[in-house]
Structures are given as C-alpha cells and as structure tokens.
K.L.:
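This structure is in structure tokens; I'll ask about it shortly.
Letters go in sequence order (proteins before strands), and every chain restarts at 1.
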2 protein chains.
Amino acid sequence: MEYVDVPPGHPRAESLRIRGKLIKHFKEGVVVAAGLIAHGRGEAFDYLLGERTTEPALKAIEAAAATLLIAKRPVISVNGNTTALALEEVVELWLELNNARIEVNLFHRSFERELAIERLLKEAGVKEVLGVGDAASASIPGVLSERRRVDPRGIFIADAVLIPLEDGDRAEALAKMGKTVIAIDLNPLSRTARSASITIVDNVVRAMPKLVKAVKKLKGSSYEELRRISFEFDNRRNLAEALRLINNRLLELAAKGVALEL
Amino acid sequence: MEYVDVPPGHPRAESLRIRGKLIKHFKEGVVVAAGLIAHGRGEAFDYLLGERTTEPALKAIEAAAATLLIAKRPVISVNGNTTALALEEVVELWLELNNARIEVNLFHRSFERELAIERLLKEAGVKEVLGVGDAASASIPGVLSERRRVDPRGIFIADAVLIPLEDGDRAEALAKMGKTVIAIDLNPLSRTARSASITIVDNVVRAMPKLVKAVKKLKGSSYEELRRISFEFDNRRNLAEALRLINNRLLELAAKGVALEL
C-alpha cells in the first residue's frame with residue numbers, strides 16, 4: 001500500500017497530496033519510476049522556495065503569457081508528470097491560445113504511455129494530440145534520448161514551446177534551433193532553467209493556473225504591448241532573483257530552527 | 001523501459017547510477033513508489049552539498065562511530081531505500097559492532113516487503129533480522145504510522161538507534177523515548193535532522209562506508225576517549241555548518257553560471 005491519505009494538519013500535507021496524485025498516475029502507467037524521483041528533486045527545491053509562487057516567478061509567468069500570445073505556432077509539450085499534475089490547466093491554456101497545439105514528448109517513451117496520455121487529454125476535450133506513435137517522425141538535432149522525436153506539425157516547426165518539467169538536453173537543443181523556450185523548473189540552476197528564454201521557477205501545480213490567468217488577462221492587450229512585455233523580460237536577472245530568494249530562505253530557516261550560529 | 005544504463009561522462013552519471021540501483025529494487029518490491037520520490041528529494045540536497053562528504057559530515061560520522069561503540073544495545077534500523085543503497089555496509093557495520101541488532105522498520109509496511117528485506121539481509125550473512133511480522137509487537141508512543149511498530153528485543157529497548165533515511169515523526173518520538181538517535185539525512189533542516197542527537201548530513205551511499213571505517217579505526221580507543229568524542233559533538237553547531245556550506249555552494253554555482261548579478 002502507498003501513503004496517499006494525508007492526515008489533516010500534517011506539516012507537509014499539500015506536498016503529500018500532490019505525491020498521491022503522482023503515485024496514482026504512476027500506477028496507471030502515465031508516470032514512470034524515474035518521474036517519481038525527478039518529482040522528489042522538485043519537492044526539495046520547492047521546499048527551499050517556501051512552496052509559494054515568488055515575485056520572479058510571477059514576472060516570468062507574465063512574460064510567458066505575452067510570448068505565447070504573440071507566437072505564431074506555439075506548442076505545449078506534455079510528459080507524464082505534467083499530465084499527472086496539471087492536465088486540466090494544460091487543456092485550459094490550449095483553449096485560451098487559439099493557435100496552440102499539444103504534443104506528447106517523453107524521455108521514457110513507450111507507445112502505451114503515449115496512448116495513455118493522449119486518452120486523458122482527449123477525455124479533457126483536446127481534439128488532436130501531436131507526437132503520438134509514428135506522428136513523431138522528425139527529430140531535434142543533437143538530442144540522443146527518445147526526447148528527440150517530435151511531430152513535424154508541432155514542436156519541429158514551433159516558434160515558441162512551453163516545456164514544463166523538462167530535461168536539460170532537449171531544452172538546450174530547442175533553444176539552439178532558435179525556438180523561444182518557456183520552461184517551468186523548480187531548480188534555477190538546471191541546464192533547462194539556464195538555456196530557456198523564459199524560466200518559471202515554480203511548482204507546475206501552482207504555475208500553470210497562474211499562467212492561464214495571465215493569458216486571459218493579457219489577451220486584450222495590443223501586439224506592441226505584448227511584444228514589449230516579452231522582450232523586456234531578462235531571464236538571467238530573474239533566475240538570479242530566484243536564487244537570492246532561496247539563499248535568504250535558507251538563512252531564515254536556519255535562524256528559526258537549527259542554527260543560531262549561522 | 002527505465003533509464004538505467006548511464007552514458008559515460010554524463011554530468012549526472014553517479015547520481016543516475018544510484019537511481020538505477022533504486023529502481024531495480026523498486027521492481028523487486030523492496031522499495032516503494034514514495035521511496036523513489038523521497039530519494040529524489042535527497043538528490044536535490046546532495047546536489048546542493050556538491051555530492052561529496054563534507055567536513056561537518058565527517059565530524060558527525062566520527063561521533064556516530066564512537067556513540068555506537070559505547071552503546072549497550074545499539075540497533076541499526078533498516079528500510080527499503082537503505083536496503084537498496086547500502087545493504088553491504090549495513091551488514092559490515094553490524095559485524096563490526098559485536099552487540100548490534102538489525103531491525104526492519106517501514107513506513108509503508110507490508111509483510112512481503114519485510115520478508116524481501118529480511119531475505120537480502122540473511123543472504124548477506126545476518127543471522128536474525130528483528131521487526132519482521134508479529135515480532136514487531138511493541139510500539140513507539142506518539143507515532144501514528146506503521147513506523148510505530150518495533151521489536152521489543154530491538155529498537156524498543158535500544159539505547160542508540162542508527163536511522164538512515166528516516167521520517168520526522170519517528171525520529172522525534174525515538175528522541176523523546178530518551179534514545180540516542182543517529183540520523184543520516186541530506187536535509188539539514190528536516191525534523192529528523194533537528195531531533196537527532198547526531199545527524200550525518202550526507203548521502204547514505206557515501207556515509208555508510210565511512211561510518212564502517214570510523215568504527216574500525218576507533219575500536220581500539222578507550223571507553224573514556226569514545227565517550228569524550230560522543231559527548232563533545234554539538235549537533236546544532238554541526239547542522240549550522242552544513243547549512244552554511246549549502247549557502248556558499250549556491251552562491252558559488254550562481255556566480256559560475258546563472259547569476260552574475262548575484
């Protein structure tokens with residue numbers, strides 16, 4: 001048995017509730033074992049961020065919304081963990097962006113997993129899911145993993161790609177292809193975070209609903225205004241800000257609890 | 001399929017090799033899904049520590065060795081992840097400490113898992129494994145999870161308990177029972193780390209062999225000398241030291257890569 005029912009008032013209740021969601025999808029074959037480990041890594045960074053959406057994350061979310069709205073061929077790349085944690089929001093975002101496509105892209109690719117994820121997306125109202133089976137016939141230069149296989153109608157020709165929970169190799173390669181890469185990554189030091197044009201350093205569970213809200217809010221804005229918001233965003237400065245917050249949080253936690261000497 | 005074969009020279013090769021070990025034991029029913037997530041959390045903290053055994057960790061290891069050597073009824077508490085990552089070292093430590101016992105204690109307890117772990121320990125030469133099935137007939141006051149169930153011949157009457165990879169609830173409760181708790185935990189801010197008498201902030205994969213070495217080295221020392229080493233150890237100061245290292249490493253990584261503004 002797995003620990004999914006969380007005692008109310010447990011210090012880590014929300015975090016354990018999300019774990020339960022992930023483990024459920026793991027048992028259904030949507031999430032793989034390595035995805036559970038990757039989630040744990042994220043949990044630790046989220047803990048260091050204070051498990052809240054920070055100011056720099058909100059800035060990145062606004063820039064991401066503007067960038068997706070002005071993109072000609074935006075694609076939302078979906079993997080197992082994203083499906084487990086933010087399916088509804090992925091579909092909402094797709095609905096708000098009239099020209100967006102959703103593509104399945106997996107590191108641990110298997111046709112069964114692709115179909116399981118496609119089924120969940122279709123049940124949620126998505127008409128066509130790209131990148132399933134032979135549809136992923138194009139490849140991203142320089143990527144060796146199964147992540148390289150993409151849909152020629154989707155990620156391959158996209159100008160902007162949203163990659164929640166990504167691996168560094170593909171993030172770098174997509175950036176090299178000249179695409180505007182929007183990442184959601186709790187580790188501000190990861191290769192994904194560093195190589196993306198816009199990195200939202202936040203938990204996908206919190207970031208995705210806020211991204212949908214930001215898209216709704218900015219929809220009325222002029223193209224010039226959206227371009228300004230998108231171009232003025234400075235990812236390096238924003239990542240530095242996120243790191244500074246983690247540092248301060250560590251010092252604060254240390255002062256509260258462990259380490260009066262610090 | 002799972003990503004277990006690691007390309008040589010991969011930036012995270014060692015970390016991925018350990019993951020492979022864990023996933024193998026997961027498939028064999030020794031490790032549970034939540035254990036994979038917990039491992040991921042550890043990975044992130046290990047990454048922040050620089051994936052090395054730090055000075056404060058070495059200090060804690062020496063104090064732990066001395067404490068285990070002077071203990072009258074030392075017990076090594078073993079769970080799924082510990083079995084997957086440090087089985088050989090657990091057995092070596094048990095052999096070096098003539099009076100130690102090994103007890104299985106699981107958060108996600110099932111008789112099948114207890115038996116799987118017992119079998120691996122016995123194959124490695126352990127005569128009797130405590131805490132299996134009905135043998136875990138005593139309970140730790142104040143613990144609600146399955147972790148409360150302990151062996152009256154083992155953890156229940158132990159004066160010193162080594163708890164690698166522990167949950168906060170039981171660590172606190174064992175300390176309340178007046179036992180000397182020795183924890184191995186990569187998160188210097190966790191309740192386990194805070195409530196233990198000695199916290200080794202290190203990866204169990206690196207810490208356990210060093211703990212065995214320290215026990216061998218200190219075996220010849222006088223009781224007075226061992227007591228001095230054990231009593232002079234200051235866990236709060238040591239945890240503060242570990243936290244300071246994490247902070248410095250963050251700043252260093254930031255300076256190297258992301259954040260020239262920092």
K.L.:
Counting only heavy atoms closer than 4.5 Å, note whether B:Leu186 contacts chain A via side chain, backbone, both or neither.
P.N.:
neither

K.L.:
Are any non-hydrogen side-chain atoms of A:Phe26 and B:Ile37 less than 4.5 angstrom apart?
P.N.:
no

K.L.:
To the nearest 0.5 angstrom, please state how far the CZ atom of A:Arg41 sits from the NE2 atom of B:His39.
P.N.:
8.5 Å

K.L.:
Looking only at heavy atoms and a cut-off of under 4.5 Å, which of A:Asn187, A:Leu22, A:Leu144 has the most pairs with chain B?
P.N.:
A:Asn187

K.L.:
Does some side-chain heavy atom of A:Phe45 sit less than 4.5 Å from a side-chain heavy atom of B:Phe45?
P.N.:
no

K.L.:
Check the surroundings of atom CD in A:Glu55: do more than 12 heavy atoms from other residues, nucleotides or ligands lie under 6.0 Å from it?
P.N.:
no

K.L.:
Quick one: salt bridge (charged side-chain N to carboxylate O under 4.0 Å, His left out) partners of A:Arg113, sequence neighbours excluded?
P.N.:
none

K.L.:
Quick check for you: to the nearest 0.5 Å, what is the distance between A:Asn247 atom CG and B:Leu251 atom CG?
P.N.:
4.5 Å

K.L.:
If you measure from CD1 on B:Ile23 to CG on A:Leu36, what distance do you get to the nearest 0.5 Å?
P.N.:
9.0 Å

K.L.:
Please look at B:Ser15 and chain A and tell me whether the side chain, the backbone, both or neither of the residue comes under 4.5 angstrom of a heavy atom of that chain.
P.N.:
side chain

